[in-house]
Chemist: 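Let me begin by handing over the structure; questions about it come next.
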Amino acid sequence: MDWWSAVLAFAGAALGSGLSWVAARRDVAQRERAARADVGQRVQQANLEEWGRRFTAALTGVSSESPRQRALSRVLLVELGQSDLATEQEKALVLAVLDAGARMDGDGEDVTRFRAGMLVDEIVYVEDTGDDTDVQEVSP
């Protein structure tokens, strides 16, 4: 009977060790998944912050005095609006900025202030000659 107690003790120790190893392995796997999820969130947050930084730089460039800078900033806005990182709300914001920019001239004046349907024939061209008494209308 002495050898049965030794075998049972050995089997109990092996079973306990095996169960401990399985539990530890599950714990390690769970921690690895949590760490991967955390890293994924951090990468996504960093990408969103970079998108926001580029959007802010593009907005600054759109209002630049340099025509080249304005043109490059518009291209950047278009690319940012098509980025996979942009949410639907951010894409709508980019479109709104581009739309507003398309309706403004270089001085920031709204070029859509003319009424809809105005014909070119209805526009009267008046030339200022410096003489207040002489006003000439040019007809097409």
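Here, residue 1 is the first one in the sequence, and each next residue gets the next number.
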Chemist: Under the side chain to side chain contact (heavy atoms under 4.5 Å, CB included) rule, what do Arg70 and Val62 come out as? Steps first, then yes or no, please.
Modeler: CA-CA 4 Å; Arg70 284 193 309 265; Val62 166; 5.6 Å; no
Chemist: Any sub-3.5 Å donor-acceptor pair from Thr60's side-chain atoms to Thr56's backbone N or O?
Modeler: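 Side chain of Thr60 to backbone of Thr56: a pair is present.
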Chemist: Going from CG on Leu59 to OG on Ser64, what distance comes out if it is rounded to the nearest 0.5 angstrom?
Modeler: 13.0 Å
Chemist: Roughly how far apart are Leu76 CG and Gln69 CD, rounded to 0.5 Å?
Modeler: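 Between Leu76 CG and Gln69 CD, I get 9.5 Å after rounding to 0.5 Å.
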Chemist: Can you find a pair of side-chain heavy atoms, one from Arg36 and one from Val39, that are under 4.5 Å apart?
Modeler: no
Chemist: Considering only NZ, NE, NH1 and NH2 on the basic side and carboxylate oxygens on the acidic side, decide whether Arg53 and Glu49 come within less than 4.0 Å.
Modeler: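 Judged by the 4.0 Å cut-off on N to carboxylate O distance, Arg53 and Glu49 do not form a salt bridge.
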Chemist: Looking at every heavy atom in both Ala58 and Ser73, which two are closest together, and how far apart are they?
Modeler: O-CB, 3.4 Å
Chemist: Can you confirm whether Phe55 sits close enough to Leu77 that some side-chain heavy atom of one is under 4.5 Å from a side-chain heavy atom of the other?
Modeler: yes
Chemist: Drop me the distance from Leu95's CG to Lys91's NZ, to the nearest 0.5 angstrom.
Modeler: 9.5 Å
Chemist: Would Trp51 and Val97 show up in the same hydrophobic cluster when neighbours are defined by side-chain heavy atoms closer than 4.5 Å?
Modeler: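 Linked within one cluster.
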Chemist: Can you list every pair that meets side-chain hydrogen bond (donor to acceptor under 3.5 Å, both in side chains) and has a residue in residues 6-30, with sequence neighbours left out?
Modeler: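 Sorted result for residues 6-30: Asp27-Arg31.
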Chemist: Keeping the roles fixed (side chain from Glu90, backbone from Thr87), state whether a donor-acceptor pair exists under 3.5 Å.
Modeler: yes
Chemist: Under a single-linkage definition using a 4.5 Å side-chain heavy-atom cutoff for Ile, Leu, Val, Met, Phe, Trp and Tyr, are Leu85 and Leu98 assigned to the same hydrophobic cluster?
Modeler: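 The answer is yes; both residues are in one hydrophobic cluster.
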Chemist: For residues 70-101, which residue pairs pass the ring-ring contact (aromatic ring centres under 6.0 Å, His included) check, not counting sequence neighbours?
Modeler: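 For residues 70-101, and leaving out neighbouring residues, there are no ring-ring contact (aromatic ring centres under 6.0 Å, His included) pairs at all.
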Chemist: A quick test of your reading: do over 12 heavy atoms of other residues, nucleotides or ligands sit less than 6.0 Å from CD of Glu50?
Modeler: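 Counting neighbours around CD of Glu50, more than 12 heavy atoms of other residues, nucleotides or ligands fall under 6.0 Å, so yes.
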Chemist: Can Val78 be reached from Leu93 by stepping across I, L, V, M, F, W or Y side chains whose heavy atoms are under 4.5 Å apart?
Modeler: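 Per the 4.5 Å side-chain linkage, Leu93 and Val78 are co-clustered.
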Chemist: Would you indicate whether the side-chain heavy atoms of Leu72 and Arg68 approach each other to under 4.5 Å?
Modeler: yes
